[in-house]
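The sequence lines fix the lettering, A, B, ..., with proteins before strands; numbering per chain opens at 1. None of these values were measured; they are calculated from a predicted model.
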There are 2 protein chains.
Amino acid sequence: MSDLEVRQLRYFVAVAEELHFGRAAERLGMAQPPLSRAIRELERQLGVPLLTRTTRQVALTPAGEVLLHDARTALDAVTAAGRRAQRAGRSEPELRIAMKADYDGGLLPRILDRYREEAAALPVRLVLGGRGEQAPALRDGSADVALLPAPFDDHGLDVEPLLTEPRLVALAATDPLAARPCLDLADLSGLILPDGTPADREDLPPGTTDDFGVRYRTPAPCDPGGRPRGTVAGPRSRTLDLAQIFNLIELGSIVWFPPVSVVRRHPRPGVAYRPVRDLPPLTLTLAWPQTSRSPAVAAFVRTATAIAAAGDTRGMMWG
Amino acid sequence: MSDLEVRQLRYFVAVAEELHFGRAAERLGMAQPPLSRAIRELERQLGVPLLTRTTRQVALTPAGEVLLHDARTALDAVTAAGRRAQRAGRSEPELRIAMKADYDGGLLPRILDRYREEAAALPVRLVLGGRGEQAPALRDGSADVALLPAPFDDHGLDVEPLLTEPRLVALAATDPLAARPCLDLADLSGLILPDGTPADREDLPPGTTDDFGVRYRTPAPCDPGGRPRGTVAGPRSRTLDLAQIFNLIELGSIVWFPPVSVVRRHPRPGVAYRPVRDLPPLTLTLAWPQTSRSPAVAAFVRTATAIAAAGDTRGMMWG
DNA sequence: ATCACTCATACCCGCACGGTATCAATCACC
DNA sequence: GGTGATTGATACCGTGCGGGTATGAGTGAT
């Protein structure tokens, strides 16, 4: 059994995601016939059918499902290898921290202060991205360490929880609900979050949508049991920044569930924050590639966990 | 930056391990000039020098060290993808358990009994191999779950410790040391283990040698800070089976450090077992690929940890 | 029954990968 | 310090394979 090639995996992933040879070929920037042939050759090489195709329907076999999953992680590993080597050769070493803006539980300034005193410390660069972008960034080598809310798909990553903080609901100060000191999730039925999901449903699949309303391509859509949808939504171009979110909240169009540390940074008249009894708290987590051997990452992890442990009794409640 | 290809990674790993283009080319079954050109092209593609070469000396740059490490894990991921897909398509699904013969802490019979009653259970197949083979087997998809002594290189794996058991020293009954009820490591200086290392040095790098005397190719030689040795020893063909080991022990040629559960299975006149005060115990660990989504693996892990938890107060002492 | 759609087949082409021959640089040895 | 051995780089060539175009064939919709 000779080894697979990256090209074959890329092709297969495209077809498996699109479930359509024509569209997959278009996405790959090639014609359909060579793609068909390549997939067929892949199946011959493995000795296993990966797709059941009629001229009207393409579906994954169980083996295809397995390969789709493993091929994605293998492709991640390959691009990560290239990117990390590239970076290691560049003149300016730095520690790239992936996070979503403001989602640091208020710890980052203190962490960075102490981190800079470490012997193994490197200059720090923040890689800000939307929800669901941090873990893939670690896997493909475009960041060295990430600060992100659990749960998330942590395959290939090492993980250290830093702190758990409650979330509040942000709603229009003029909303009748704002008159009450404390709410339940059920009270929020009918309201929607910035990403369009109903506020009283907490089952949003991780890695699919962004709190800011951007819909991301799921990098490894580990739908438990379900089969991945064939169509992959590109960025919906409805990106909301914080100012827009606040504006919409103020107008009563949406509500939002920021953690207290974010709230503390954005006091704003016209927006009321209230505790929600059954809203799960947010656990901020530190993650880095399991393959990392970088002393700079190790030092950062050490510093961050120390700071979090030292600070975890500080005022996490909010009036 | 276009994606790397498996071929490029294989080539680079070969050169980086051999630190010699000619030998690397021979190992790859090709001529030297195309290999030189391929590596050069890889460097051009990444925009980073990976090797410093004079006509007499080839050495890795820092970027090369990083790539060597990451390329190995990427290659593992690729072959694992192929192998697991292949397996998923074959008619007979089964759960392949990698372990070294007898190194199950005596748990395996009970684990298997209970496992077979699980709904998600599959027929079990044992994949026996020497020390250091289990973790690579998980990574390259030739086993689904492994039972192995910690510590080991666990990158890409999820891990669950099962039990910790003391080890004894096995020596010739006629050895003067056998007269003493308990020994120290220092007492054993001058004696050697089956793999040839001195018995009083407990710093043998994991994944390098086998207790049975086979020397394995290091799969991911994570020497902390040091540079990987250029020469990679193939199997030294000096494989010792248990009978040979016992024979050599009996003759006083070697000593051995089996855990008590192994000792219990191999009572043998002519061989004495004695506790060693400062000999670290052996922690038997369960490991499986982090990417595993198999219900059969999940059921096995559940069963094994339950059995280990239930049995961990049972008689682990001996003699 | 016909049309539209989509995957497979047939055939061709260009290029990139691998091979052979050779050069050039460095080290060892006297 | 000159000479030969070793080893990586360069030059050049042939071929196999990956990709393109044209077309066939099977299937579902109307």
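Per the geometry, CZ belonging to A:R44 stands 16 Å off P belonging to C:dA8, to the nearest Å. Distance, B:L35 CG to C:dG18 C1': 11 Å, rounded to whole Å. Residue B:Y11 contributes atom OH, which lies 12 Å from atom C1' of C:dG19 at whole-angstrom precision. Here C:dG18 presents its P atom at 11 Å from CD1 of B:I39, a figure rounded to the nearest Å. The interatomic distance linking A:R7 (CZ) with C:dA16 (P) rounds to 14 Å, in whole Å. A straight line from CG of B:L28 to P of C:dG18 spans 10 Å, rounded to a whole angstrom. Look at CD on A:Q32: it is 6 Å from C1' on C:dC7, rounded to the nearest Å. A straight line from CZ of B:F21 to P of C:dA25 spans 17 Å, rounded to a whole angstrom.
For the side-chain contact (heavy atoms from CB on, under 4.5 Å) with B:R139, the qualifying choice from B:T73, B:D153, B:T291, B:D154 is B:D153, the only one to do so.
Of the possible polar contacts, one joining the A:E43 side chain to the A:L50 backbone as a donor-acceptor pair under 3.5 Å is found.
To the nearest 0.5 Å, atoms CG (A:L95) and CH2 (A:W288) are separated by 12.5 Å. Residue B:D144 holds its CG atom at 9.0 Å from CD1 of B:I97, rounded to the nearest 0.5 Å. We find the CZ-CZ distance between B:R27 and B:R23 to be 10.5 Å, quoted to the nearest 0.5 Å.
Nearest-nucleotide assignment on DNA chain C puts the 5′-proximal partner with A:Q57, out of A:Q57 and B:E41. When the nearest nucleotides of DNA chain D are assigned to B:R37 and B:H20 by heavy-atom distance, the more 5′-ward of the two goes with B:H20.
Note that the first and last nucleotides of DNA chain D, 5' to 3', having any atom under 4.0 angstrom from a heavy atom of chain A are D:dG18 to D:dG28.
For B:E5, the CD atom counts as densely surrounded, since its 6.0 Å shell holds more than 12 non-hydrogen atoms of other residues, nucleotides or ligands.
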